**Q** 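Below: one structure in structure tokens.
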Amino acid sequence: MVIKKSTSSKKTTSSDSTFKTVKIGKQEWMAENLNVDKFRNGDLIPEVKSQKEWEKAGKSGKPAWCNYDNNNINGEKHGKLYNWYAVNDPRGLAPEGWNIPSDEEWEQLAAYLGGEEDAGKKMKSKTGWDGTEDWPEGNGTDEYGFSGLPGGLRTHIGEFIKFGKYTSWWTSTESDTEGAWDRSLYYAFVNLDRGDNYGGEGLNVRCLKD
């Protein structure tokens, strides 16, 4: 099957924020990870820095965000890491006019990019991904402008891991493991992986236009 590209980039303004966007097929995605510290209604989302408090927030089902290594520069480039309870909060994490894509909507993106087996290579940024002796080229082609960066994650016990090698995004679809389904990219693979994560994990978020 031949897939015809349909992609364009632009900027979209939502309330007091401007986001880079990209049209891929019939979907319009943010071309950057979410980096907000307020819910849609204006309430602040708690920033949690210490390992102990991060783990506590997950166990108690409280929303939380952080920057990787608690470094603001990482947040500006790679977006914030949110636990599931921030994503699933009824006050709304996605800005006005946007939503957290469902498991099915991520499947639609993967299908348009040729299937999960090859979609990851097309979604990764052209630079920034680490390589190893066994896998020297971890970067992607970014041929659709999705610009997937290796922002790492924060485990449910508060450890920061896999920066430069991995990224994962929450979906809005709950799983049966006290959390939700996610989509992830890894430096050594070309696929877009589907998995599920415990709610206390800190992952990135990509938003889809309503």
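Everything numeric in this text was worked out from a predicted model, so none of it was measured.
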**Q** So Trp54 and Ser50, side-chain hydrogen bond (donor to acceptor under 3.5 Å, both in side chains) or not? Walk me through it.
**A** CA-CA 6 Å; Trp54 183 268; Ser50 76; over 6 Å; no

**Q** Does atom CG of Leu44 have more than 12 heavy-atom neighbours, drawn from other residues, nucleotides or ligands, at distances under 6.0 Å?
**A** yes

**Q** Report the C-alpha separation of Asn67 and Asn74 in whole Å, then their side-chain angles, then the decisive distance to 0.1 Å, and conclude whether the side-chain hydrogen bond (donor to acceptor under 3.5 Å, both in side chains) test is met.
**A** CA-CA 6 Å; Asn67 295 314; Asn74 289 331; over 6 Å; no

**Q** Quick one: closest heavy-atom pair of Gly148 and Trp129, and the distance?
**A**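 Nearest pair, atom of Gly148 first, then Trp129: O-NE1, 3.0 Å.
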
**Q** State plainly whether one hydrophobic cluster holds both Tyr144 and Leu185, where clusters connect Ile, Leu, Val, Met, Phe, Trp and Tyr through side-chain heavy atoms under 4.5 angstrom apart.
**A**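 Yes, it is one cluster - the side chains of Tyr144 and Leu185 are joined through contacts under 4.5 Å.
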
**Q** Would you say Thr171's side chain and Pro101's backbone share a donor-acceptor pair under 3.5 angstrom?
**A** no

**Q** Side-chain contact test, heavy atoms from C-beta onward, threshold under 4.5 Å: evaluate it for Arg91 versus Arg40 and give yes or no.
**A** no

**Q** If Ile, Leu, Val, Met, Phe, Trp and Tyr residues are connected whenever their side-chain heavy atoms lie under 4.5 Å apart, and connections chain through other members, are Tyr85 and Leu153 in the same group?
**A**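 In one cluster: yes.
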
**Q** Do Arg206 and Trp29 touch side chain to side chain, with heavy atoms closer than 4.5 Å?
**A** yes

**Q** Ion pair present between Lys49 and Glu53, side-chain N to carboxylate O less than 4.0 angstrom?
**A**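 No salt bridge links Lys49 with Glu53.
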
**Q** Do other residues, nucleotides or ligands put more than 12 heavy atoms under 6.0 Å from Lys165 NZ?
**A**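 Yes, NZ of Lys165 has more than 12 neighbouring heavy atoms, counting only those of other groups under 6.0 Å.
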
**Q** When hydrophobic residues are tied together by side-chain contacts of less than 4.5 Å, even through go-betweens, does Ile100 share a cluster with Trp65?
**A**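 Result: yes, single cluster for both.
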
**Q** Run the side chain to side chain contact (heavy atoms under 4.5 Å, CB included) check on Trp170 and Leu81 step by step: do they pass?
**A** CA-CA 10 Å; Trp170 287 114; Leu81 300 172; over 6 Å; no

**Q** Restricting to pairs with a member in residues 155-164, which pass side-chain hydrogen bond (donor to acceptor under 3.5 Å, both in side chains), not counting sequence neighbours?
**A**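 Listed once each, the pairs are His156-Glu201.
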
**Q** Under a plain distance cut-off of 3.5 Å, with no hydrogens placed, do Ser147 and Asp142 share a side-chain donor-acceptor pair?
**A**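 The criterion, which ignores hydrogens and geometry beyond distance, is satisfied for Ser147 and Asp142.
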
**Q** Under 3.5 Å, is there a donor on one side chain and an acceptor on the other for Asn204 and Thr167?
**A**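 The criterion, which ignores hydrogens and geometry beyond distance, is satisfied for Thr167 and Asn204.
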
**Q** For the residue pair Ser102 and Glu104, confirm or rule out a side-chain donor-acceptor distance under 3.5 Å.
**A** no

**Q** Provide the closest heavy-atom pair for Lys121 versus Asn139 in the form atom of the first, atom of the second, distance.
**A**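 Looking at all heavy atoms of both residues, the shortest contact is NZ-O, 3.0 Å.
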
**Q** Please name the pair of heavy atoms, one in Pro63 and one in Phe39, separated by the smallest distance, quoted to 0.1 Å.
**A**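 Distance-wise, the nearest heavy atoms are CB-CZ, 3.9 Å.
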
**Q** With no hydrogens and no angle check, just 3.5 Å: does a side-chain donor-acceptor pair link Asn33 and Trp169?
**A** yes

**Q** Check the pair Asn191, Glu116 against side chain to side chain contact (heavy atoms under 4.5 Å, CB included), reporting the backbone distance first and the verdict last.
**A** CA-CA 5 Å; Asn191 66 303; Glu116 292 183 354; 5.5 Å; no

**Q** Tell me whether Tyr68 shares a hydrophobic cluster with Tyr187, the cluster being built from Ile, Leu, Val, Met, Phe, Trp, Tyr side chains joined at under 4.5 Å.
**A**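 They do not share one cluster, since no chain of ILVMFWY contacts under 4.5 Å joins Tyr68 to Tyr187.
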
**Q** Given Arg183 and Met123, is the side chain to side chain contact (heavy atoms under 4.5 Å, CB included) satisfied, shown in steps?
**A** CA-CA 12 Å; Arg183 290 297 189 280; Met123 294 168 66; over 6 Å; no

**Q** Give a yes-or-no answer on whether the side chains of Asn197 and Asp182 include a donor-acceptor pair shorter than 3.5 Å.
**A** yes

**Q** Over 60° means perpendicular and under 30° means parallel, so classify the ring planes of Trp98 and Phe19, tilted if in between.
**A**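 Phe19 and Trp98: perpendicular rings.
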
**Q** Can you confirm whether the side chains of Lys80 and Asn35 place a donor and an acceptor under 3.5 Å from each other?
**A**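 On atom types as modelled, these side chains qualify, holding a pair under 3.5 Å.
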
**Q** Under 4.5 Å between side-chain heavy atoms, hopping through other hydrophobics if needed: is there a path connecting Tyr82 to Val48?
**A** no

